[in-house]
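The structure appears below as structure tokens.
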There are 2 protein chains.
Amino acid sequence: MARAGVTAERLTQAAADLADEIGFQNVTVSALARGFGVKPAALYFHIRDARDLRVRLAALALTELADRAAAALAGRAGKDALVAFANAYREYAKEHPGRYAAAQVEIDPGGPAAVPARRHAEMTRAILRGYDLPEPDQTDAVRMLHSTFHGYVSLETAGGFSHHPREADASWRRTLDALDSVLRNWPPA
Amino acid sequence: MARAGVTAERLTQAAADLADEIGFQNVTVSALARGFGVKPAALYFHIRDARDLRVRLAALALTELADRAAAALAGRAGKDALVAFANAYREYAKEHPGRYAAAQVEIDPGGPAAVPARRHAEMTRAILRGYDLPEPDQTDAVRMLHSTFHGYVSLETAGGFSHHPREADASWRRTLDALDSVLRNWPPA
DNA sequence: TCGCCCGCTTACAGCTTTTAAGTATTTGCA
DNA sequence: TGCAAATACTTAAAAGCTGTAAGCGGGCGA
């Protein structure tokens, strides 16, 4: 029988696509193996275990997210940068719900997902360049931004906003207005 | 053999405690049955399936969260109310990580978790009484608040803030300052 | 006291992860 | 070219999970 040509990279890619299709929680070693037409045991020659697969998937998602963020931020500053970053973030989560969910797994600071995670964090910090905040306010603001973006997308995905007539898009835009406003007028300690 | 006295309520309570101990994702019908000293199959006479158990757990957590929010808001207004609510929210998530995770499951609007979910949403809206925002800004602000609280707690729990010397507590307080500030100066459309 | 129902057990099917051992294919080197 | 070693995959199997079906027995109502 011909070999299937499975590699860790192709597994991770396939797992990402599968996650977007059927949900991150439903990505199993077995389902992945079926997609490649091999037995589940075959995958263990390429990945250590299911957890390893999830970490690789998280790294993939964080890398893609950082790439999009970088593209959105290029040549922009101030509110332009904030809005472009935020929209890139939200659109990624909507286009790739499975990947986005994968990016939220707990990240081992020494592990292979730590690098793209750090890069993603640096992108978020770059939003603030135009706002000129001193430390430690800058760190506080980065955390607030990240929290708001992640919280909004996460609640929206879970259907938290769907039972009120107000459009989620409209609230999102106004939330970004509010964030821009508070960054420009950051309260004194 | 003596009967174990299993009921749906006791199962849900035990599941909540178990979730806080070993994590929401690790709460299984089997593990729960072990805790009651019965076989897994016995539980299916009290709950429909594993999903049903998770929904009941979510309802429990949302009810407790709404209770805490109500207690925090009682007799407070403006920033006092905002800070009290936010701290109650964050403390609940820290004390009961498993319950908190359960509260984030996707909620069927017609299901039994919809009632406590709505109550929780109303509590969040009550924060804004002191800020006097007209609709639809009020809805937008509620969504922003909820997003920020949930996002912050969720990222903090996942260890997202642990690799920077700045204390997560300090950033939290400053984030609340910023939210108060932006609610008092809500940007015009 | 009798009988029935309810709460549990056993048994089982089918799914998952993961390890171990065996087989076949491909690669690299002489 | 041909052989040996490394690699990719298979089968087999253990252990745990969800969920269904059938059976048993204790306690409650009549």
Side-chain angles (χ1 to χ4, degrees), chain A residues 1-60 98 101-102 105-106 108 111-113, chain B residues 1-60 98 101-102 104-108 111-113:
Chain A
M1 47 207 72
R3 298 194 175 184
V6 176
T7 64
E9 288 68 36
R10 295 180 61 189
L11 278 179
T12 308
Q13 195 69 41
D17 294 341
L18 195 57
D20 287 336
E21 258 182 66
I22 64 172
F24 177 58
Q25 293 303 330
N26 302 336
V27 174
T28 64
V29 175
S30 297
L32 206 52
R34 274 192 293 275
F36 278 87
V38 299
K39 303 294 167 187
L43 302 198
Y44 289 88
F45 291 89
H46 306 282
I47 56 169
R48 235 160 63 99
D49 52 21
R51 172 161 176 67
D52 178 38
L53 178 69
R54 271 176 240 128
V55 171
R56 286 171 191 269
L57 184 43
L60 173 88
V105 303
E106 201 157 338
D108 173 13
Chain B
M1 48 208 70
R3 300 194 174 184
V6 176
T7 65
E9 288 67 37
R10 296 179 63 188
L11 278 180
T12 308
Q13 195 67 44
D17 294 340
L18 195 58
D20 287 336
E21 259 181 66
I22 65 172
F24 177 58
Q25 293 303 331
N26 302 341
V27 173
T28 64
V29 175
S30 297
L32 205 52
R34 273 192 295 276
F36 278 85
V38 299
K39 303 295 166 188
L43 302 198
Y44 290 90
F45 291 91
H46 305 282
I47 55 168
R48 235 161 62 101
D49 52 21
R51 173 162 176 68
D52 178 38
L53 178 69
R54 272 177 237 126
V55 171
R56 286 169 190 269
L57 219 180
L60 174 86
Q104 309 307 323
V105 302
E106 202 158 336
I107 292 190
D108 173 14

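In what follows, chains are A, B, ... by sequence order, proteins preceding strands, each numbered from 1.
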Please tell me if [X] has a side-chain N or O lying less than 4.0 Å from either OP1 or OP2 of [N].
| X | N | answer |
| --- | --- | --- |
| A/Arg34 | C/dT16 | yes |
| A/Thr28 | C/dC15 | no |
| B/His46 | C/dC6 | no |
| B/Ser30 | D/dT18 | yes |

- Determine the minimum heavy-atom distance between B/Ala59 and B/Pro112, stating which atoms define it.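 Scanning both residues, the minimum pair turns out to be CB-O, 4.3 Å.
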
- Of all the heavy-atom pairs spanning B/Leu43 and B/Leu11, show the shortest one and how long it is.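 B/Leu43 and B/Leu11 have their closest heavy atoms at CD2-CD2, 3.7 Å.
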
- Message: Under the salt bridge (charged side-chain N to carboxylate O under 4.0 Å, His left out) test against B/Asp52, which residue among B/Arg54, B/Arg48, B/Arg56 passes?
- Response: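 It is B/Arg56, the one option of B/Arg54, B/Arg48, B/Arg56 that forms the salt bridge (charged side-chain N to carboxylate O under 4.0 Å, His left out) with B/Asp52.
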
- Side-chain heavy atoms of B/Phe36 within contact of B/Arg10, under 4.5 Å: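 Yes, their side chains come closer than 4.5 Å.
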
- Message: Counting C-beta onward and ignoring hydrogens, is there a side-chain heavy-atom pair between A/Ile22 and A/Leu18 closer than 4.5 Å?
- Response: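 Contact flag for A/Ile22/A/Leu18 side chains = yes.
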
Measure from [atom1] on [X] to [atom2] on [N] and round the result to the nearest Å.
| X | N | atom1 | atom2 | answer |
| --- | --- | --- | --- | --- |
| A/Asp52 | C/dT17 | CG | C1' | 14 Å |
| A/Ile47 | C/dT17 | CD1 | P | 9 Å |
| A/Phe45 | C/dA20 | CZ | C1' | 9 Å |
| B/Lys39 | D/dA21 | NZ | C1' | 18 Å |
| A/Leu53 | C/dT16 | CG | P | 14 Å |
| A/Asn26 | C/dC15 | CG | C1' | 13 Å |
| B/Leu18 | D/dC17 | CG | C1' | 15 Å |
| B/Leu43 | C/dT9 | CG | P | 9 Å |

- Task: Starting from the 5' end of DNA chain D, give me the residue, B/Asp49 or A/Gly37, whose nearest nucleotide shows up first.
- Result: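 Closer to the 5' end of DNA chain D: A/Gly37.
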
Can you tell me which nucleotide in [options] comes closest to the side chain of [X]?
| X | options | answer |
| --- | --- | --- |
| B/Val29 | C/dA20, C/dT9, D/dT18 | D/dT18 |
| A/Ala42 | D/dT20, C/dT16, D/dC9 | D/dC9 |
| A/Val38 | D/dC9, C/dT9, D/dT11 | D/dC9 |

- Message: Using a heavy-atom cut-off of 4.0 Å across all strands, would you classify B/Ala41 as base, sugar-phosphate, or nothing?
- Response: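 It contacts base atoms.
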
